[in-house]
Amino acid sequence: MRRPRTVVTLSALGLSLAILALSFLGFLNSAENAATLPLRPLQDLLGGAGNQAAAFSQELAEVRQLRQRNRELEQALTNFQAEIAELRAFRSDYERLVELSHYVGQAGTSWRYVSADVIGRDLSGIARVIHINAGTRNGVSLGDPVVTPLGLVGRVRQVSATGAEVLLITDSASAVTARVLNPTNDSGVVRGTLNGELLLDFVDINAQISEAQQVYTTGETQAFPPNLLIGQLASVRLSEDGLFLQGTVESLVDFEGLQLVLVITDFEPVEIEIFQSTPIP
Amino acid sequence: MTVYALGLPLLLLSSLVDSSLLSHLRLWEAQPSLTLVMVVSWALSVDLRHAYIWAILGGLCIDVLSVAPLGASSLGLCVAVAVLEQIFGRVGRRNLLFPPIAAGLATVLYLVTLAPLLLLWGWGVNPLSALWRWLLPSMLMNALLILPVFRVVAGGVALFTRQDATARV
C-alpha cells in the first residue's frame, strides 16, 4: 500500500517538474498562449463584473462616509449657529457697554458707576418701578441716582444684597428739581404723571422757556446730582391756576424698554428731613 | 467519472474567479485562492491519485493566468497535497477544524515552493515582506474560504460517488 502511494506522489511531482522544465526551456510558450486565448474573454467578463462589484462596494462605502460626513457637518453647523447666536448676544452687550463707557467719558465727572441689567418691573401698573440686578454687594445704596447715556432714569428706593428697586422719574411720586438750558436758566420741578409723562412744573411765569430746550437736574434738593439730562421740552403752557408755566418733557430714555442702566454709587444724597423735624429752639 | 468531467471546468472557473473577482479582496499583497482551496478540499475528500490530478490541473489553470511559469503552481499544490495526505488523510465533510488548518498549511507549502521558483524566474521576492504581507494574510483568508468550499466539494464528491456506484450496479 505504501509503495503505490510513493509512486503516485513521485509521479505527480515528477510530472509537475517536467512541465516546469519544459516551460523554463520555452517549449510550452505557444501552448500556454493557446490556452490563454479562450480564457481572456471570460476573464474580461468576470473582471468587469468584479470591477463593477468593487466600484459598487466602494460607492457604498463612500455613501456611508458621506452620510457620516453630512452628520458631522450638520452637527458643526448647529454648533456654529449656536455660537453665532451667542456672539451676537455678546456683540449687543458689548455695544451697549461701549455706549455706556462713552457716556461716562463724556460726562467728565468723577462719579463711580455700576452697570446693572434690568431684571424686572412692577407689573401692577400703579408704580413705575424697575428691578435691577445690582445691590449692596455691588456698592449700590438707598437713594443712588440711576441713569443711562440718554438721561436720568430714577433713584434707588429699596436695596438688597443682590438687587435694587428703582423708582422711575416718570412715576407720579417722583419729583426732580430741574433747570432749562436757556439763557436765563429757568428752573422748576419735573414730576411724573399718572399717564407716564414728565411734566416740568412751577416754572416762573416770566421764564423764557420754549420747545426743544433741554432740561437738566439742578441738584438743589440733593436727591440727584446736578447737570444730569432729563429730556427736552415738547410743549409749553400756562398752569391751570395761571401762576406758573408748565412744559411737557420728552425723555430720550425708553422707560418701557430699559435693559441696562448705570447706578451712581458714590453720590450721597442729603437727608433734608432732619432739618424739617428738628424743633426750633 | 462525472467528477472528472466537472473538475477541469470547475478549476478553470475558479482560477478565472481568482484572477478577476477575488483579486478585489486583497489584504496587503495577498488574496484568497479559490483554486488552492478547491484542490485542498478535494484532497481531503478523495483518494491520493485523484487529489494529485486535481492539483496538477488546478496548478496549470493558475499558471496559465499568472506570471508563474507553467508547472510551478502544479508543483506547489502537489507538495501541499502530499503533506496533507500524510497528516490528515480523508476528512469528514462535517469537520470544521481540520479543513482550515489544512488550508493554512497548504498555503504555506504552496507559497514556500512557489517563491524560489519565482525568484528563479526573475521575480524579486523579499522574504520578510512575503511572510507578513503575502503568506500570513493568504493563510488567514484561505482558512476562512475553505469552510464553505469544503462543505460544497465534499458534498458533491459524496453525491457523485453514490451516483457512479449506482450506475455501475
Side-chain angles (χ1 to χ4, degrees), chain A residues 1-70, chain B residues 8-9 11-26 31 34 43 47-86 89 113-114 116-118 120-122:
Chain A
M1 192 66 190
R2 194 74 188 163
R3 184 175 290 275
R5 284 188 175 219
T6 311
V7 171
V8 169
T9 301
L10 288 176
S11 304
L13 292 174
L15 182 61
S16 300
L17 281 170
I19 296 169
L20 189 63
L22 288 172
S23 176
F24 192 70
L25 294 171
F27 290 116
L28 293 178
N29 287 350
S30 53
E32 191 172 2
N33 291 336
T36 311
L37 213 57
L39 294 178
R40 288 298 178 208
L42 288 170
Q43 198 178 17
D44 284 346
L45 191 70
L46 287 171
N51 288 336
Q52 283 178 354
F56 181 69
S57 67
Q58 194 176 353
E59 280 172 11
L60 278 181
E62 281 174 4
V63 165
R64 277 198 293 274
Q65 283 175 348
L66 286 172
R67 280 186 183 154
Q68 175 65 25
R69 182 76 183 137
N70 194 31
Chain B
L8 188 60
L11 289 170
L12 269 175
L13 186 66
S14 67
S15 60
L16 282 168
V17 168
D18 280 344
S19 68
S20 53
L21 292 176
L22 293 185
S23 60
H24 292 288
L25 298 176
R26 292 188 83 86
Q31 68 170 75
L34 181 61
D47 63 56
L48 189 62
R49 189 167 57 90
H50 296 147
Y52 279 128
I53 292 170
W54 267 49
I56 291 169
L57 289 177
L60 290 174
C61 291
I62 292 173
D63 291 338
V64 164
L65 295 171
S66 74
V67 296
L70 211 58
S73 294
S74 297
L75 184 63
L77 289 175
C78 283
V79 170
V81 165
V83 175
L84 292 183
E85 203 277 334
Q86 288 294 321
T113 311
L114 194 64
L117 293 172
L118 286 176
L120 197 66
W121 212 248

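All chains are named by letter (A, B, ...) in the order of the sequence lines, taking the proteins before the strands, and each is independently numbered beginning at 1.
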From [X] atom [atom1] to [Y] atom [atom2], the distance as rounded to the nearest 0.5 Å:
| X | Y | atom1 | atom2 | value |
| --- | --- | --- | --- | --- |
| A:L20 | B:L117 | CG | CG | 5.5 Å |
| A:I19 | B:D63 | CD1 | CG | 9.0 Å |
| A:L45 | B:L16 | CG | CG | 9.5 Å |

Per-residue contact mode, [X] against chain A (heavy atom under 4.5 angstrom):
| X | answer |
| --- | --- |
| B:L77 | neither |
| B:L75 | both |
| B:V79 | both |

Restricting to side-chain hydrogen bond (donor to acceptor under 3.5 Å, both in side chains), what partner residues turn up for B:S14, sequence neighbours left out? B:T35
Going by the rule side-chain hydrogen bond (donor to acceptor under 3.5 Å, both in side chains), which residues pair with A:T9 if we only count those two or more places apart in sequence or in a different chain? B:Y52
Considering non-hydrogen atoms only, spot the tightest contact between A:V8 and B:R49 and give its length. CG1-CA, 3.9 Å
Which atoms of A:L46 come close to chain B, meaning under 4.5 Å heavy atom to heavy atom: side chain ones, backbone ones, both, or neither? both
Looking at B:A82, B:S73, B:C78, which one has more heavy-atom pairs under 4.5 Å with chain A than the rest? B:C78
